[in-house]
Protein chains: 2
Amino acid sequence: MLFEPASVLPETIYDDLRASIIAQIEVPGSAMTESAIALRFGVARPTAKTAIERLVAEGLLRRTAHHSARVPALSRDDIVDLYDTRAIIESAAIAALCAGGTIPAEALEAHRALLSSASADEPFATHDIAFHRALVAGQPSARLARMHALLMGEIELCIGQVQANHLLTAVDVAHQHQGILDAVTAGDSARATLLTHAHIVGSRDLLLAHVDSRPPTDGRPNHG
Amino acid sequence: MLFEPASVLPETIYDDLRASIIAQIEVPGSAMTESAIALRFGVARPTAKTAIERLVAEGLLRRTAHHSARVPALSRDDIVDLYDTRAIIESAAIAALCAGGTIPAEALEAHRALLSSASADEPFATHDIAFHRALVAGQPSARLARMHALLMGEIELCIGQVQANHLLTAVDVAHQHQGILDAVTAGDSARATLLTHAHIVGSRDLLLAHVDSRPPTDGRPNHG
DNA sequence: TTGCCAAGATTGTTAGACAACGTAGCATAT
DNA sequence: ATATGCTACGTTGTCTAACAATCTTGGCAA
């Protein structure tokens, strides 16, 4: 993903598990043992192991030595940290993109897809994420793109919640995206940075308000 | 490192190889095959493989499918990208540190060690790096610290060169560090951010001037 | 109730093997 | 002599099977 898809078989398992986690088919806290994954996909345990290790490296699973990997339940602090760091990285990336002044084709495509899913009232999280990924990928710094990719795994967990609970509509998101695109096209770096920051912090606050309104399903915040 | 040392044996190999690469015992371009590493450390090939994969993830090795991992020769563009991204991340981290207003104990310790190596005219790159790592680690955002750790692997490659060629003295570095510490202690976020940025960009420019003054060992800039 | 011990579960590590892929060198044809 | 295609080798990708080390859990005894 960041560098090379080293292999295809673990890649398949990785993709499948990743989708399961983000779609919250695997509830937070549930354990994923190497053996179980291996059995489920009909592969050897080491193969399942590499897939799990990739998800751990990406922050989508957590584990300690000799313990099963578990789907993390993001705390309020995690969400704040995640979005704030993302705002730093992505604002810098948009600023770098302004220097070039051209919008990547993939970003425009994702933007159109988002608009069409808005009128069809379909799930739009995928297109939202694709848009942001494309913008950052189109900017010249490879390291900044790498940082962003590392963050987006966990961010997808959050965006999935934003969409599932209808905290934002596709129209809202598309409108904010349009503003960013306009600023970049105009070469207005300050405005583009500001809008990007506001876009991200806005999503963060909506998600936080939602989390605060409904305390965690389990009443043990100080555990393990 | 970032999350958990999953295992001890690959960790040992990883540490050893990492040190070899940063000390430039392994010259850029040299190949490291899985079998060779396995033989050298007396372990199975998969064990060597995991160590190599960690180094690849950190940017200290590069490889493509069915090719040996190779120590990268950082290009001029790589150096610029690396330092500029580092400036973004680390400036943000120092700003976050100012909110707390307290200097981590490890940072002070590294600072003292740097001063003492200045008077003894010893290698100081280790303490320089430890100082920056400690400052970022002492700041509250776990994700920002993760980004920084990912960057520091390749940065160490550069700092090794700065020291080997005496582009900066330990006294210079310590003086700049002192300024950053003072600004953080005073809670002057703007000044701390500015000094951090200048410190990093200054190192970058020294290294670039050095690289420009002596063209690459091999006369093929447009290759691969 | 508390502490200890043993069994089960899980991961860490290894050995060995075969398959897939890339490269270099050789043989052949022009 | 040169260019082209093929073959053999080196390297990584992936798998199976097994043993070792470690953590947790349950039962038993004081």
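As the structure is a computational prediction, the values presented were derived from the model and not from experiment. Proteins get letters first, then strands, A, B, ... in listed order; numbering begins at 1 in each.
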Could you state the NE2-C1' distance from B:His67 to C:dT23, rounded to the nearest angstrom? 8 Å
Counting only heavy atoms and a strict 4.0 angstrom limit, can you tell me which residues of residues 28-37 of chain B come near DNA chain C? none
Is the phosphate of D:dG13 approached by B:Lys49 (side-chain N or O, under 4.0 Å from OP1 or OP2)? yes
Tell me whether A:Arg18 is salt-bridged to A:Glu11, with the criterion being a basic N under 4.0 Å from an acidic carboxylate O. no
Listed pairs, N/O of protein and of nucleotides 20-22 of chain D, under 3.5 Å:
none

Matching residue for A:Arg143 among B:Asp78, B:Asp77, B:Asp84 - test: salt bridge (charged side-chain N to carboxylate O under 4.0 Å, His left out): B:Asp78
Provide a list of protein-nucleic acid N or O atom pairs under 3.5 angstrom, restricted to nucleotides 15-18 of chain D.
| unit_1 | atom_1 | unit_2 | atom_2 | d |
| --- | --- | --- | --- | --- |
| D:dC15 | OP2 | A:Thr47 | OG1 | 2.2 |
| D:dT16 | OP2 | A:Ala44 | N | 2.9 |
| D:dA18 | N6 | A:Arg45 | NH2 | 3.3 |

Between B:Leu61 (CG) and D:dT12 (P), how many Å, whole number? 12 Å
For A:Glu58 and A:Tyr14, which I'm curious about, is there any donor-acceptor pair between the side chains at under 3.5 Å? yes
Return yes if some donor-acceptor pair links the side-chain N/O of B:Ser116 with the main-chain N/O of B:Ala113 below 3.5 Å, else return no. yes
Residue pairs meeting side chain to side chain donor-acceptor pair (under 3.5 Å), one or both in residues 93-115 of chain B, sequence neighbours left out, come to B:His111-B:Gln178
Inter- and intrachain pairs under salt bridge (charged side-chain N to carboxylate O under 4.0 Å, His left out), touching residues 87-103 of chain B, at least two apart: B:Arg86-B:Glu90
Could you state the CD1-C1' distance from A:Ile52 to C:dT10, rounded to the nearest angstrom? 11 Å
Below 4.5 Å, heavy atoms only, C-beta onward: do B:Ser68 and B:Met32 meet side chain to side chain? no
For atom CD of B:Glu53 and atom P of D:dT11, their distance in whole Å: 18 Å
Whether the side chain of B:Thr64 engages the backbone of B:His67 through a donor-acceptor N/O pair (distance < 3.5 Å, no angle test) should be reported. no
Go through the side-chain N and O atoms of B:Thr85 and B:Asp81 and say whether any donor and acceptor fall under 3.5 Å apart. yes
Evaluate ring pair (Phe, Tyr, Trp, His ring centres under 6.0 Å) for A:His148 paired with A:His132, printing each intermediate quantity in order. CA-CA 10 Å; A:His148 188 253; A:His132 286 277; 7.4 Å; no
Kindly list each side-chain donor-acceptor pair under 3.5 angstrom involving residues 37-49 of chain A, sequence neighbours excluded, with atom names and distances?
| unit_1 | atom_1 | unit_2 | atom_2 | d |
| --- | --- | --- | --- | --- |
| A:Arg40 | NH1 | A:Glu26 | OE2 | 3.4 |
| A:Arg45 | NH1 | A:Glu34 | OE1 | 2.9 |
| A:Lys49 | NZ | A:Glu34 | OE2 | 3.3 |

